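Data block below; observations after.
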Amino acid sequence: MHQLAEELRLSINWLDYSILAIYFVVVLGIGYAARRSVRTSLDFFLSGRSLPAWVTGLAFVAANLGATEILGMAANGAQYGAYTVHWYWIGAIPAMVFLGLVMMPFYYGSKVRSVPEFLLHRFGPSSHLLSSLIFAVSSVLIAGVNLYAMAIVLEALLGWPQWVAIVVAGFFVLGYITLGGLSSAIYNEVLQFFVILAALIPLTVVGLKRVGGWDGLTDSLTGEGRREGTGGEDFLSAWDGTGIGEANALGANWLTIVLGLGFVLSFGYWTTNFAEVQRALSAKNLSAAKRTPLIAAFPKILIPMVVIVPGLIALVMEPTLGKEGSGLEYNDAIPVLMRDLLPNGVLGIAVTGLLAAFMAGMAANVSSFNTVFTNDIWGAYVKKDRPDAYYLATGRWITAIGVVLGMGTAFIAASFSNIMNYLQTLFSFFNVPLFCVFIIGMFWKRSTGPAGFWGLLSGTVAAMLNYFWLYKQHVIDIPSDQGANFVSAIVAFVVGAVVMVAVTLVTRPKPVEQLAGLVYGTRSPGMSEPPAEGDDAWYRKPALLGWGAVILAALCYLPFSL
């Protein structure tokens with residue numbers, strides 16, 4: 001396991017500890033207050049489908065604003081430069097808009113409690129069980145990433161061994177989710193969203209001032225003042241050097257970026273990852289559910305300014321970051337800046353913001369894990385038709401199990417110097433094949449139950465074979481882990497699609513009347529509910545929000561393309 005360099009130890013005092021203690025008390029207080037609203041399993045797993053769109057929208061973006069965003073994207077910024085903006089503007093926004101405008105009516109209108117439950121109605125028990133098991137495994141693996149990231153910060157803060165930090169942090173998250181279920185997680189995520197910004201904005205502003213502003217940062221990474229081993233001519237360009245056959249830091253060309261990241265990885269994550277979709281399913285009506293990912297898209301567009309830029313700043317201030325023998329990995333970019341830039345008080349806010357981010361990410365995965373395991377595995381195949389109180393109690397026990405499993409998988413994440421590489425590997429294995437099955441099943445009435453099962457299984461296996469055999473064994477030459485992940489995603493989607501089409505042609509489809517609300521062009525009663533009072537206001541129209549987000553994301557590319 002990576003041992004954080006001793007020189008990264010943060011110098012904190014009583015003021016920083018006080019800020020941290022106050023935050024912990026507030027978080028547990030929210031969990032305790034939310035407990036009073038948990039009377040049924042629907043309350044515990046989906047907040048009784050009662051939350052307003054602005055709450056679910058902020059929770060939607062905060063649930064992703066965990067280790068993936070803070071340590072992972074800062075590490076990506078230091079390692080790959082401006083190419084990292086692709087994860088946001090082409091790798092998130094179009095998929096979030098597609099989820100809100102196209103897929104949420106199917107999810108919410110069918111009244112399913114989880115993404116795998118939708119597959120049960122569309123393809124049958126075999127696809128349902130396989131997708132539930134795959135999602136359960138991926139959830140605890142990703143929860144482990146957030147725990148490991150939290151352990152890095154706690155080691156820097158308190159000097160604890162990482163395994164101690166993992167255990168302590170895990171049990172703290174367990175406390176507030178077990179108390180208040182999804183409502184506790186969501187309301188804490190809203191709080192955490194603002195705490196995270198309060199931590200990252202000062203870090204970015206002070207860091208830019210230290211390196212001479214944007215012009216100083218640019219010159220240090222690409223100009224004559226560039227230090228040896230940092231940056232390069234294309235380091236602050238989003239598209240230069242991405243022609244087919246050209247070499248770049250990312251190890252990917254424009255085609256693998258657009259297809260691998262912008263389509264299959266992005267759509268696979270944002271449209272089928274239940275840790276995100278669960279927030280929209282907890283909304284109070286269909287209009288609020290559709291607006292949830294669209295509201296989240298606007299802050300998502302601006303997050304690179306306070307996540308990727310600090311990674312670039314860290315590379316200028318510590319040119320040995322990520323270099324062999326330096327003792328500093330790319331994952332250390334944020335702790336380096338915290339150590340060098342922030343005074344006491346602000347340091348306490350920054351540490352609190354990071355812990356808030358990691359707890360939000362872990363809570364999102366644990367709350368989705370307990371829902372899928374309880375409803376889609378335990379309740380569907382092991383203990384059927386039990387009283388609702390039984391499943392509520394089971395959900396709380398499964399939450400504890402999920403946290404313990406996440407502690408174990410945190411040690412797997414520790415073997416990667418850039419946790420974003422690890423996360424994208426998991427997404428290519430688990431999310432992309434699921435998206436392939438979803439998108440074909442949603443738009444092709446003829447696709448059958450066996451096709452869904454074999455498409456999901458073959459896509460998952462194909463991605464793993466590409467990564468572990470073709471890439472890791474050097475059968476094919478791919479310049480970087482991220483490039484290999486993009487290729488794995490494309491392979492998973494293509495193989496899954498081909499297998500689905502082949503199996504569909506030799507198997508019998510469901511009768512059309514059983515596909516109402518499950519296939520595009522068909523409707524169920526829940527998909528046509530009348531808009532709530534006030535939902536006709538222009539700022540609540542999903543189409544306007546969606547197109548606005550896409551146009552704004554496209555405009556953000558201009559400064560990195562000229």
Side-chain angles (χ1 to χ4, degrees), residues 45-46 56-57 59-69 72 87-88 91-100 102-104 106-108 112-119 130-146 182 185-186 189 261-282 289 292-294 296-297 300 360-373 375-376 402 406 409 420 422-439 442 456 459-460 463 485 489 492-493 496:
F45 295 123
L46 287 178
T56 55
F60 189 98
V61 70
N64 182 252
L65 200 56
T68 307
E69 223 69 0
W87 270 268
Y88 293 85
I93 303 305
M96 293 168 74
V97 171
F98 184 82
L99 171 65
V102 177
M103 295 187 72
M104 278 318 302
F106 291 92
Y107 282 140
Y108 198 91
V112 297
R113 292 165 296 180
S114 68
V115 169
E117 188 177 344
F118 186 88
L119 287 186
L130 178 60
S131 65
S132 299
L133 292 171
I134 287 175
F135 180 80
V137 171
S138 65
S139 292
V140 297
L141 287 171
I142 296 171
V145 175
N146 285 281
L182 184 63
I186 284 180
E189 284 161 2
L261 175 62
F263 179 55
V264 288
L265 270 173
S266 169
F267 279 67
Y269 177 80
W270 291 104
T271 66
T272 64
N273 181 29
F274 185 50
E276 301 293 337
V277 175
Q278 187 180 26
R279 273 79 195 137
L281 289 179
S282 67
T292 293
L294 304 178
K300 185 71 176 176
M362 184 185 180
N365 284 283
V366 171
S367 60
S368 58
F369 168 78
N370 66 28
T371 302
V372 168
F373 191 93
N375 293 325
D376 296 291
T409 60
M420 177 52 69
Y422 175 53
L423 284 165
Q424 294 295 317
T425 301
L426 296 179
F427 295 155
S428 68
F429 291 172
F430 301 125
N431 291 89
V432 171
L434 186 59
F435 170 66
C436 172
V437 171
F438 254 86
I439 206 71
M442 190 172 284
L456 182 58
T460 302
N485 291 332
F493 188 88

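Note that these values count all heavy atoms, side chains included, but never hydrogens, waters or copies made by symmetry. As the structure is a prediction and not an experimental result, all values here were calculated from the model. Throughout, numbering of the chain's residues begins at 1 and tracks the sequence.
Side-chain contact check for Leu119 versus Phe438: some heavy-atom pair is nearer than 4.5 Å. Two residues are said to be in side-chain contact when any heavy atoms from C-beta on lie closer than 4.5 Å; Trp270 and Asn64 meet this criterion. Annotation: side chain of Phe98 is not in contact with side chain of Met104 (no heavy-atom distance under 4.5 Å). Contact annotation: the side chain of Val432 approaches that of Leu265 to within less than 4.5 Å [non-hydrogen atoms, C-beta and beyond]. You'll find the side chain of Phe267 stays beyond 4.5 Å of the side chain of Asn431, heavy atoms only. You'll find the side chain of Pro293 stays beyond 4.5 Å of the side chain of Lys300, heavy atoms only.
Here Ser282 contributes atom OG and Tyr108 contributes atom OH; the two are 8.5 Å apart, rounded to the nearest 0.5 Å. Note that CG of Asn485 and CZ of Phe427 are 10.5 Å apart. Values are rounded to the nearest 0.5 Å. Between the CG atom in Leu130 and the OG1 atom in Thr460 there is a gap of 6.5 Å [rounded to 0.5 Å]. Between the CG atom in Leu434 and the OG atom in Ser131 there is a gap of 6.0 Å [rounded to 0.5 Å]. Rounded to the nearest 0.5 Å, atoms OG1 (Thr56) and CD (Glu189) are 11.0 Å apart. Here the CE-CG distance, from Met96 to Leu294, works out to 8.0 Å after rounding to the nearest 0.5 Å.
At least one donor-acceptor pair closer than 3.5 Å links the side chain of Tyr107 to the backbone N or O of Thr271. Between the side chain of Ser266 and the main chain of Phe263, no donor-acceptor pair closer than 3.5 Å is present.
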- From CA spacing to verdict: ring-ring contact (aromatic ring centres under 6.0 Å, His included), Phe369, Phe274: CA-CA 9 Å; Phe369 168 78; Phe274 185 50; over 10 Å; no

- Task: Check the pair Arg113, Phe118 against side chain to side chain contact (heavy atoms under 4.5 Å, CB included), reporting the backbone distance first and the verdict last.
- Result: CA-CA 8 Å; Arg113 292 165 296 180; Phe118 186 88; over 6 Å; no

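Of all heavy-atom pairs spanning Gly57 and Ala296, the tightest one is O-CB, 3.3 Å. Contact record, Val372 with Ser114: CG2-CB, 4.1 Å, taken as the closest heavy-atom pair. Here the closest heavy-atom approach between residue Pro433 and residue Ser428 is recorded as CD-O, 3.6 Å. In terms of heavy atoms, Ile186 sits closest to Ala59 at CG2-CB, 3.7 Å.
Between the side chains of Thr371 and Gln278, a donor-acceptor pair is found at a separation under 3.5 Å.
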Using atom types as modelled, flag every donor-acceptor pair under 3.5 Å from a side chain in residues 137-144 to any protein atom, sequence neighbours excluded.
unit_1: Ser138; atom_1: OG; unit_2: Ile134; atom_2: O; d: 3.3
unit_1: Ser138; atom_1: OG; unit_2: Phe135; atom_2: O; d: 2.9
unit_1: Ser139; atom_1: OG; unit_2: Phe135; atom_2: O; d: 2.9

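The distance between the ring centers of Phe435 and Tyr269 does not fall below 6.0 angstrom.
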